Amino acid sequence: MKRIIVGCSNSKELAKKIAKTTSSEYSELLTRHFPDGELYLKFQCNIKGAEIVLVQSMHPNPDQAMMEAIFASNTAKELGAQKIILVAPYLAYMRQDKRFHEGECKSNSIMAKLLSCTNKLITIDPHLHRISSLKEIFNTSALSLTANHLLAKFIEKNYKNSIILGPDMESYQWAEGIALEAHEEAIVLRKKRYSSRQVRIILREPEKVRGKTVVIIDDIVSSGHTMIEAVKQCIKAKAKKVCCVCVHGIYAENALQKILSAGAKEVVSTNTIENKTSKIDVSELVAKAL
Ligand code: R5P
């Protein structure tokens with residue numbers, strides 16, 4: 001079966017790399033908006049009988065990005081694709097995984113239902129917190145990859161003799177695994193979140209970071225407040241240098257600049273979301289999974 005890698009709006013560069021690594025045909029999805037804001041899209045390749053791999057990160061503009069993936073997937077089916085795989089390197093709507101207050105939408109399961117129009121979903125480090133597997137919300141096959149190994153290799157190469165720090169208990173799973181692989185030590189901070197933009201971080205062992213290069217690891221940097229508070233604690237504890245490494249660099253509301261202003265020397269992410277910090281390439285990881 002012929003495989004075509006289709007670059008959607010948010011992941012054209014990554015899609016090209018995946019196509020190159022897998023020696024597959026590459027085609028770009030043509031998109032534009034009608035004057036009223038509605039989405040128009042068009043495939044520029046021959047879909048019939050092919051395996052179509054749509055590559056679309058769900059950031060920026062998560063709602064539009066999702067609509068594009070849903071429209072593209074349904075269109076590919078109508079045009080006779082034999083198999084449709086959606087590679088969503090960053091999967092949005094995973095953090096509202098509970099009705100925290102009466103009347104709220106539990107976004108993760110609704111998003112999963114909407115994206116179950118494909119034969120298979122492949123994503124990287126989805127935010128699994130109150131659920132432990134994508135199988136709990138997806139009706140179709142859903143594969144969750146991890147970029148841990150890539151982060152560990154990057155840290156081993158670029159930040160030798162550092163201490164790896166997870167800003168909260170959830171992130172410790174990444175921090176600990178990465179530290180083990182990069183042959184460094186890991187510690188975890190305590191975090192209390194009061195709202196989307198307000199968190200409090202406590203560093204219980206300041207002596208562990210004093211005079212050290214600290215690498216703070218997280219899965220997602222969104223508003224950046226988790227990183228900002230963690231960076232501030234490390235600076236207060238007299239760390240020599242503080243760097244931040246994450247899988248998904250969302251950087252809402254100018255978060256990147258705020259983290260740097262808080263004292264971080266460098267912020268690095270993978271290219272699950274394409275931006276100027278995405279120095280860790282996930283294309284081979286995805287290619288191997290296809
Ligand atoms: C939390 O559970 C996640 O692992 C991240 O720490 C969180 O999503 C980061 O969000 P923000 O950048 O808005 O603090």
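Keep in mind that what you see is a predicted model, and the values were worked out from it rather than measured. Order of listing sets the numbers, starting from 1, for every ligand and every atom in it. Index from 1, following the sequence.
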Please write down residue, atom name and distance for the protein heavy atom closest to atom 3 (C) of ligand 1. Asp219 OD1, 3.3 Å
Starting from atom 8 (O) of ligand 1, which protein heavy atom do you reach first, and at what distance in Å? Arg95 NH1, 2.8 Å
No-hydrogen, no-angle side-chain donor-acceptor test under 3.5 Å, Glu253 and Tyr251: no
Among Lys191, Lys192, Arg190, the one residue meeting salt bridge (Lys or Arg N to Asp or Glu O under 4.0 Å) with Asp168: Lys191
Over 12 non-hydrogen atoms of neighbours within 6.0 angstrom of NZ in Lys2: yes
Does only the side chain of Arg197 get under 4.0 Å from ligand 1, or the backbone, or both, or neither? Count heavy atoms. neither
Among all protein non-hydrogen atoms, which one is nearest to atom 9 (C) of ligand 1, and what is the separation to 0.1 Å? Ile220 O, 3.3 Å
Ligand 1 contact on Lys191 by region, counting heavy-atom pairs under 4.0 Å: side chain
Hey, does Gly224 come in under 3.5 Å of ligand 1, counting only N/O atoms on both sides? yes
So is His129 touching ligand 1 or not, going by heavy atoms under 4.0 Å? no
Under the side chain to side chain contact (heavy atoms under 4.5 Å, CB included) rule, what do Leu41 and Leu30 come out as? Steps first, then yes or no, please. CA-CA 5 Å; Leu41 64 80; Leu30 187 72; over 6 Å; no
So is Val199 close enough to ligand 1, meaning a heavy atom under 4.0 angstrom away? no
Part of Thr226 within contact of ligand 1 (heavy atoms, under 4.0 Å): both
Of the protein's non-hydrogen atoms, which lies at the shortest distance from atom 6 (O) of ligand 1, and what is that distance? Asp218 OD2, 2.5 Å
Heavy atoms of other groups near Arg130 CZ, more than 12 under 6.0 Å: yes
Where's the contact between Asp168 and ligand 1, heavy-atom distance under 4.0 Å: side chain, backbone, both or neither? side chain
Option of least heavy-atom distance to atom 1 (C) of ligand 1 (set: Met227, Glu170, Gln198, Arg193): Glu170
Heavy-atom distance to atom 11 (P) of ligand 1: which of Ser223, Gly166, Ser171 wins? Ser223
Within 6.0 Å of CD in Glu284, more than 12 heavy atoms from elsewhere: no
Quick one: do the His59 and Asn10 side chains pair a donor with an acceptor below 3.5 Å? no
Using side chain to side chain contact (heavy atoms under 4.5 Å, CB included), reason through Asn271 and Lys17 one step at a time and then give a plain yes or no. CA-CA 11 Å; Asn271 54 352; Lys17 284 186 182 149; 4.0 Å; yes
One finds that the ligand 1 atoms under 4.0 Å from a non-hydrogen atom of Val221 are 12 (O)
Ligand-side contact atoms (ligand 1) for residue partner His127, heavy atom cut-off under 4.0 Å: 1 (C), 2 (O), 3 (C), 4 (O)
From the options Ile155, Ile280, Ile124, select the one residue that forms a side chain to side chain contact (heavy atoms under 4.5 Å, CB included) with Leu150. Ile280
Is it true that, when you exclude Arg200 itself, more than 12 heavy atoms of the residues, nucleotides or ligands shown sit nearer than 6.0 Å to its CZ? no
